[in-house]
Every structure is written in C-alpha cells, then in structure tokens.
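For reference, the structure discussed in these notes is given below.
From a predicted model like this one, the values you see are computed outputs, not experimental measurements. Indexing begins at 1, ligand by ligand and atom by atom, following the structure's order.
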Amino acid sequence: MQKLLTEIHEYLGITQNYLETNRLSLHEQPPLEMLQIVDIDFEGKPFVLTTQTAKAWLQMRAAALQENIQLMPFSGFRSYLHQKNLIDKHLKNGRPLDDILTHIAIPGFSEHHSGRAIDIHAYGHPTLTEEFENTEEFAWLSKNAARFGFRLSYPRDNPHGIIYEPWHWFYTGS
Ligand SMILES: [Zn+2]
C-alpha cells in the first residue's frame with residue numbers, strides 16, 4: 001500500500017485488523033489530467049469527475065431534465081486526504097471509529113477516490129439520507145441509470161459493510 005495511505009491509516013488509528021476485515025476495494029486516485037471540474041456542487045464546491053464519467057453524467061443529467069427530473073451533484077471525486085479529514089472530524093466529535101466506518105470508507109477504499117462515483121441530491125429533500133429512495137429522482141435513476149453506465153454501489157443489505165446508500169452511484173463504463 002502507498003506510503004501516504006499507510007500514514008493516513010496510522011493517524012486515524014485504522015489498524016491492520018480493520019484493513020483485513022474491510023470488504024471494500026482499493027481505488028487509485030486518477031492523474032490530474034484525467035479529472036475535470038464538471039459543475040459546482042450543492043455545497044458550492046467544485047464537482048470533479050474523470051473525463052469519461054463527466055461525459056456520461058452530463059448525458060444522464062440532460063436525459064433526466066427532459067423528463068423534468070433535476071439531478072443535482074452533491075459530491076464526486078474525493079482525495080485520500082479529504083477522506084482522512086472527514087473521518088478525523090467525526091473522531092474529534094467523539095464518534096467511535098467502528099461506527100464511522102459503516103458510513104465512510106477507509107481512506108483508499110472509497111469509490112469517490114476513482115472520480116467515477118457521484119452522490120446525488122434531490123432538491124427539497126435532506127442530503128445523503130435513506131429518504132432519497134422515496135424521491136422521483138431515485139425512481140428515475142433506478143429505471144434509467146444503467147443505460148448511462150451507472151449502478152447503485154450500496155443497495156440495502158450489501159455485502160460491503162456499508163449502510164444502504166440510495167444516493168451513491170458509480171460509473172462502470174458503457
Ligand atoms: Zn458517495
């Protein structure tokens with residue numbers, strides 16, 4: 001494993017035991033030239049994806065819009081260091097590591113590192129909650145996302161040890 005990741009894991013107290021029982025795959029960060037800023041996300045941050053994912057996302061968003069469905073990007077590419085900071089913030093708030101890791105992947109193991117994962121927000125609904133499942137955006141995605149090369153990564157009772165995430169979609173390619 002990369003030195004940077006080893007250092008991050010040590011910093012967060014993610015021991016070998018956590019890594020061995022982890023059921024997620026390692027994701028490399030793409031080189032910068034493969035990434036592009038696609039939009040400004042819901043929090044006002046740059047929304048970054050790989051060029052190929054961006055193309056598929058824009059096509060999918062346009063198709064949805066034709067049916068009056070507005071897919072809003074919440075987050076795309078995330079670096080190893082960003083992932084570390086997310087976990088660190090929760091640790092500093094006193095949340096146990098085991099609990100954090102059912103919601104946030106160990107740095108190195110988030111699909112967001114690949115620039116191919118997108119968290120989608122539905123306007124007028126809380127962000128990143130199971131409630132997304134009841135939105136018309138989710139209904140549209142369930143019916144159409146596969147056509148654009150996207151799949152739901154963490155369905156209910158998934159084998160990856162991650163909670164049900166109806167908002168998180170991954171570009172697998174066409
Ligand atoms: Zn996600």
Side-chain angles (χ1 to χ4, degrees), residues 5 8-9 12 14 18 22-30 34-58 60-61 64 69-91 95 97-123 125-135 137-142 144-146 148-173:
L5 280 179
I8 289 174
H9 295 160
L12 294 170
I14 294 169
Y18 278 102
N22 175 42
R23 282 165 286 161
L24 297 167
S25 320
L26 195 62
H27 289 280
E28 303 247 337
Q29 300 184 124
M34 275 179 66
L35 293 170
Q36 76 175 76
I37 299 178
V38 189
D39 208 334
I40 300 298
D41 72 19
F42 188 65
E43 291 185 307
K45 302 187 303 317
F47 172 60
V48 174
L49 298 170
T50 66
T51 319
Q52 274 190 324
T53 311
K55 203 173 152 199
W57 159 254
L58 290 172
M60 181 164 81
R61 200 186 60 171
I69 302 292
Q70 201 181 352
L71 303 176
M72 298 186 65
F74 187 81
S75 95
F77 168 74
R78 221 185 275 154
S79 67
Y80 294 164
L81 285 169
H82 186 133
Q83 194 78 1
K84 168 195 160 190
N85 293 337
L86 282 179
I87 294 177
D88 199 27
K89 210 164 75 184
H90 286 292
L91 284 173
R95 196 167 157 193
L97 185 60
D98 284 303
D99 180 45
I100 298 170
L101 294 181
T102 61
H103 292 71
I104 305 177
I106 291 175
F109 296 87
S110 168
E111 287 185 339
H112 287 282
H113 300 320
S114 68
R116 297 159 73 103
I118 307 177
D119 290 338
I120 299 172
H121 172 63
Y123 194 73
H125 295 268
T127 47
L128 314 190
T129 67
E130 228 178 79
E131 205 187 294
F132 184 76
E133 165 184 66
N134 303 316
T135 63
E137 286 81 354
F138 181 74
W140 190 91
L141 286 163
S142 302
N144 298 287
F148 298 91
F150 287 89
R151 65 145 167 76
L152 192 66
S153 300
Y154 308 116
R156 215 181 277 285
D157 302 319
N158 67 76
H160 306 289
I162 291 280
I163 54 156
Y164 174 43
E165 293 196 353
W167 61 85
H168 177 111
W169 293 78
F170 184 74
Y171 180 63
T172 56

Between the side chain of Q83 and the main-chain N/O of A105, is any donor-acceptor distance below 3.5 Å? yes
Donor-acceptor pair, distance only, cut-off 3.5 Å: does the side chain of H27 make one with the backbone of S114? no
Using the ring centroid of each side chain, check whether F132 and H125 are separated by less than 6.0 Å. no
So, of the N/O/S atoms that D119 has, which is the nearest one to the Zn ion (ligand 1)? OD1
Name whichever N, O or S atom of H168 ends up nearest to the Zn ion (ligand 1). ND1
Residues 81-90 vs salt bridge (charged side-chain N to carboxylate O under 4.0 Å, His left out), sequence neighbours excluded, gives D88-K92
Could you tell me whether the Zn ion (ligand 1) has an N, O or S atom of E111 under 2.8 Å away? no
